[in-house]
Amino acid sequence: MSTQKSNTAPISPRPGLRLHNSHQRTTVPFTPDDASNVRLYFCGPTVYDRVHLGNLRSMLSADVLVRLLKALYPQVTYVRNITDIDDKIIQRARENDEDISHLTERTTKDFHDDLAALNILPPTVEPRATQHIPDMLEMIGRLITQGHAYETEGHVLFDVTSFPSYGALSGRSLEDMLAGARVDVADYKRNPGDFVLWKPSRNDEPGWDSPYGRGRPGWHIECSAMAERYLGESFDIHGGGNDLLFPHHENERAQSLCCYPHGHFARHWVHTGMLLSNGEKMSKSLGNFHTIHEVLERTPAEALRLLFLGSHYRSTLDFTWEKLDEARRIMDRFYRALEKTPPASTDSLPADMLEALCDDLNTPLALSALHRYADAALEGQQSAANHLWAGGQLLGLFTMKPADWFQGGTDLDPATIEALIEKRLAARKARDFALADQIRNDLAEQGILLEDGPAGTTWRKG
RNA sequence: GGUCUGGUGGCAGAAUGGCUAUGCAUCGGACUGCAAAUCCGCGUAUGUGGGUUCGAUUCCCGCCCAGACCUCCA
């Protein structure tokens, strides 16, 4: 049995979580407003198309963070929105000749399926923008009343000069932005940096009645409104891909702090690094993206998960199929270790892994510990197998039984394979190695690998 | 052009003011009829030029290179 009896109790001493705060640009100790309920918000997808691997990476980074927080704190409230009103959605629906709600429902379902395949935990609340239009209008009204927003030509715009610390989050000054302005400045804006809170809708565009006419919200206001609705004026962590830092998060922060001056909005900002494909940012607009669906057709989901865990969440990661294959081989080894020494206790969370994750989610370092446990588990050490299992669970790995990992979902019927193994065994006994090897090669061509061990011949998917 | 991040062995990827993880691949060996799997063994790699220091990959400055943001983007 495990030697870690103490791990069945709350971990003590509990390591302190240190987390990089992109607002301060340093890694700092994380202290929640309310240690009995950690509250965080992550920006979810705009549902007009399948999410790609880059989108997935930030969702996965959030998942690791949430899993860790759940291990450290009694309660975690995790809000991740769905943006289901947006000009890209309108445009795509038009291109597809598809009803907007059909497009968003369909894409949202795909999104959920993809995340579930990756064993990404669902958020506590998953609000949709279209269900919070009144909340947004209320915020917009307050911003106008308080002099932070103005109405012009059917638009409501946020006045960035009304918020002295505008730019502080993303580390840029208004002057710099004005100096290097590459934005086409609409002539109804007072300042080039002013951004839309509400915009008018034509008759053929979706819209809601408002004091400013029939229209729809700008992009940023939804997150401010939904974060306030579910997490309050102040909460602990706000995150997303680092391409959201500006303008999206900067604008959210401006809106929220101006609307609720007594709150602090998000204390801690977490931004994930970009995923590259062929050395360039994977993005829908560049067209160099791979969908999750596409990847899962050729690799088990856990290999993809491991690939992402193998690099730090803040670093850029260049996706290649070779890395995916490598990740799959590593998973093979982990599952082989679990098969050799089945875990007997599931609560032996290894302290070194917890420590690594508490150091700004150092998943590569945590994985190196996992390798050590796998080595020892292959030697038959029970406590190592327990640690391997528990540590993998913390990272969202090992959702399968080893037998299913190695033998699940084959084209060939297992009984057929067993019969061929018997036939080959007979050939070997007769020292007819040519026939034995031919059987083995034929199976290999069908993706079935044979392994002769002391206890007999076993098979697995190749 | 402005802002920022980063450049570690063949590849991926941690860490650190002095002893440089881990994995994959390669190579050699054990095991095997041969393989596969497993095990053992093998690699001084920190872009570049200065500076600080007894000592720098780690701190500071310049340069080169790469990527991100400045426009929708996770």
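Each chain gets a letter, A, B and so on, in the order its sequence line appears, and its residues count up from 1.
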Which side-chain N or O atoms in residues 403-417 of chain A pair as donor and acceptor under 3.5 Å with protein atoms at least two apart or in another chain?
from	atom 1	to	atom 2	distance (Å)
A:Trp405	NE1	A:Asp332	OD1	2.8
A:Gln407	NE2	A:Trp459	O	2.8
A:Thr410	OG1	A:Leu412	O	2.9

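- Under 3.5 Å, the side chain of A:Arg172 and the base of B:C4 form no donor-acceptor pair of N or O atoms.
- Nearer the 5' end of RNA chain B, as judged by each residue's closest nucleotide, is the contact made by A:Leu367, out of A:His220 and A:Leu367.
- OP1 or OP2 of B:C69 has not a single side-chain nitrogen or oxygen of A:Asn242 nearer than 4.0 Å.
- Across every strand in view, B:U38 sits in a pair with B:A30 that passes the Watson-Crick or G-U test at under 3.5 angstrom.
- Both distances falling under 3.5 Å, in either a Watson-Crick or a G-U wobble arrangement, place B:G49 opposite B:C61.
- A:Leu378 comes within 4.0 angstrom of the backbone, heavy atoms only, and of no base.
- For B:A66, the paired nucleotide is B:U5, the pair qualifying as Watson-Crick or G-U wobble because both relevant distances are below 3.5 Å.
- Among the nucleotides B:G13, B:C39, B:A35, the one closest to any side-chain atom of A:Pro364 is B:G13.
- A:Leu275 comes within contact range of at least one nucleobase, with a heavy-atom separation under 4.0 Å.
- Nucleic acid contact for A:Arg92: none, since no nucleic acid atom lies under 4.0 Å from a heavy atom of the residue.
- In terms of polar N and O atoms assigned as donor or acceptor, the side chain of A:Asp243 never comes within less than 3.5 Å of the base of B:C70 in a complementary pairing.
- Among the heavy atoms of the strands lying under 4.0 Å from A:Leu450 is at least one base atom, whether or not backbone atoms are also near.
- Here A:Gly54 lies in heavy-atom contact (under 4.0 Å) with a base.
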